[in-house]
Amino acid sequence: RQGSSPIVDENKLYVAFDGTDQQFFIALDKTNGKTHWKMDRNTNTDWKETLRERGLSDNKGGKPNDNKKSFATASLIKVDGKRQLIAPGAEAVISYDPDTGKELWRTVHPGGFNIAARPIYANGLVYVFTSGLNNILLAIRPNGTGEVTDTHIVWSTRRGTPVIPSPVIVAGRLFMVTDRGGIVRCLDAQSGAEIWQGRLGGDHWASPVYTDGKIYFSSKYGEVAVVEASAKNFKLISRNQLDAVFIASPAVSDASLVLRSTTHLYCIAKSKLQTP
């Protein structure tokens, strides 16, 4: 089964199905379910050879073809006036023409699979995390044709990259937190250079959110940490502990922060009650 969420535009619903048995991307008519196009996404990489190159044994358990899985939700972007559907798959990042399903470009990263974080388009670059054997953050120029692995990856980093939570980009700076240990990093989004690093602790599956100059990080241990979106250094503003487990990403609406734990839904806001 697929692990990604479907997305829609004016006419179509787009869904990735990247499992151990089949890997394909499909566009359906959102009013009647008719298939507009369907593209096979098998990258035909040699998994045993990939393991041998890393000095690993191919007898590591797990399900057959586990390296074919990907869970990332696609993103629709516009480059030079033309739409692209950026749909990370197992061991490749693929861009499609959303109208026809034609593959526009791809970058290949053998060993990078089970991708969870949704791609982000900013500063003229597409930012994608891989996982599996490769925990890499890639910044890709989305104006190529065909396989552009060697020509359009502007920068990449393996250090302190998360597997599940997506990053936040604010004013040319990229903020991310690791799944384990809660290491927060701030990078220059254009060059990939590290600006600062800090530690929150805890395990983080939920993606951080930004509002009003601050970034909110919610952990599996029920802590919501507030960090200033600073261009200079790591500045922890506050820690807020709830009797909860946060896996889902929070949302911001007006002046409210909405948090969904494994058992409850919380809305945190300034009181509007007036005292006499």
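Here the structure is a predicted model, which means the values were calculated and not measured.
- Neither I94 nor L104 shares a network with the other; the hydrophobic side chains, linked directly or stepwise wherever heavy atoms of I, L, V, M, F, W or Y lie under 4.5 Å apart, form separate groups for each.
- Side chain of S261 to main chain of H264: a donor-acceptor pair is present (N/O by atom type, distance under 3.5 Å, no hydrogens or angles).
- When all heavy atoms of T43 and A92 are compared, the pair lying nearest together is CG2-CB, 3.7 Å.
- Residue pairs meeting the ring-ring contact (aromatic ring centres under 6.0 Å, His included) criterion with at least one member in residues 140-167, sequence neighbours excluded, do not occur.
- Transitive grouping of hydrophobic side chains (ILVMFWY, heavy atoms separated by less than 4.5 Å) brings Y216 and L259 into a common cluster.
- For the side chain to side chain donor-acceptor pair (under 3.5 Å) test, no residue two or more places apart in sequence or in another chain qualifies with Q190.
- Under the rule for a ring pair (Phe, Tyr, Trp, His ring centres under 6.0 Å), Y221 has no partner lying at least two apart in sequence or in another chain.
- Listed for the D188 side chain is a donor-acceptor partner under 3.5 Å among the backbone atoms of S191.
- L200 and I237 fall into different hydrophobic clusters, defined by Ile, Leu, Val, Met, Phe, Trp and Tyr side-chain heavy atoms under 4.5 Å apart, directly or through other members.
- Between the side chain of T161 and the backbone N or O of N135, at least one donor-acceptor pair lies under 3.5 Å.
- Under a 3.5 Å cut-off, the side chain of Y210 and the backbone N or O of G213 do form a donor-acceptor pair.
- Counting only residues at least two apart or on different chains, the salt bridge (Lys or Arg N to Asp or Glu O under 4.0 Å) pairs with a member in residues 224-239 are E223-R239, E228-K235.
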Distance-only criterion, 3.5 Å: show the donor-acceptor pairs between side-chain atoms of residues 83-91 and protein atoms not counting sequence neighbours.
from, atom 1, to, atom 2, distance (Å)
R83, NH1, D9, OD2, 2.9
R83, NH2, D9, OD2, 3.3
R83, NH2, D99, OD1, 3.0
Q84, OE1, S95, OG, 2.7
Q84, OE1, W105, NE1, 2.8
Q84, NE2, P142, O, 2.7
E91, OE1, T45, OG1, 2.4
E91, OE1, N67, ND2, 3.4
E91, OE2, G111, N, 2.7

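- Between the S131 side chain and the F113 main chain, a donor and an acceptor come within less than 3.5 Å of each other.
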- Can D29 and T31 be said to form a side chain to side chain donor-acceptor pair (under 3.5 Å), step by step? CA-CA 6 Å; D29 188 294; T31 59; 2.5 Å; yes
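- Minimum heavy-atom separation, G101 to Y96: O-CD2, 3.4 Å.
- With hydrophobic clusters built from ILVMFWY side chains whose heavy atoms lie under 4.5 angstrom apart, L76 does not share a cluster with V8.
- Under the rule for a salt bridge (charged side-chain N to carboxylate O under 4.0 Å, His left out), E53 has no partner lying at least two apart in sequence or in another chain.
- Contact record, S5 with T73: N-OG1, 2.9 Å, taken as the closest heavy-atom pair.
- Atom OG1 of T50 is separated from atom CZ of R52 by 9.0 Å, given to the nearest 0.5 angstrom.
- Listed by chain and number, the residues in a ring pair (Phe, Tyr, Trp, His ring centres under 6.0 Å) with F234 are W196 (sequence neighbours excluded).
- Residues that satisfy the side chain to side chain donor-acceptor pair (under 3.5 Å) test with K69, not counting sequence neighbours, are D66.
- Put simply, the side chain of S207 never gets that close to the backbone of S249: no donor and acceptor are under 3.5 Å apart.
- Across S218 and A248, no two heavy atoms sit closer than the pair OG-O, 4.4 Å.
- In terms of hydrophobic clustering, with Ile, Leu, Val, Met, Phe, Trp and Tyr side chains grouped at heavy-atom distances under 4.5 Å, L187 and V184 are assigned to different clusters.
- Here D212 pairs with K214 in a salt bridge; the nearest charged N to carboxylate O distance falls below 4.0 Å.
- For Y14, there are no ring pair (Phe, Tyr, Trp, His ring centres under 6.0 Å) partners, not counting sequence neighbours.
- Residue I115 comes nearest to T130 through the heavy atom pair CG1-CA, 3.9 Å, listed as atom of the first residue, atom of the second, then distance.
- Judged as a salt bridge (charged side-chain N to carboxylate O under 4.0 Å, His left out), and not counting sequence neighbours, R260 has no contacts.
- Closest of all the heavy-atom pairs between S4 and A16 is OG-O, 3.4 Å.
- Listed by first and then second residue, the salt bridge (Lys or Arg N to Asp or Glu O under 4.0 Å) pairs involving residues 31-43 are D18-R41 (not counting sequence neighbours).
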Counting only pairs under 3.5 Å, give me each side-chain donor-acceptor contact of residues 162-182, with atom names and distances, residues two or more places apart or in other chains.
from, atom 1, to, atom 2, distance (Å)
S166, OG, R118, N, 3.4
R173, NH2, A229, O, 3.0
T178, OG1, R180, O, 2.8
T178, OG1, G182, N, 3.4
T178, OG1, I183, N, 2.9
D179, OD1, V163, N, 2.5
D179, OD2, I164, N, 2.9

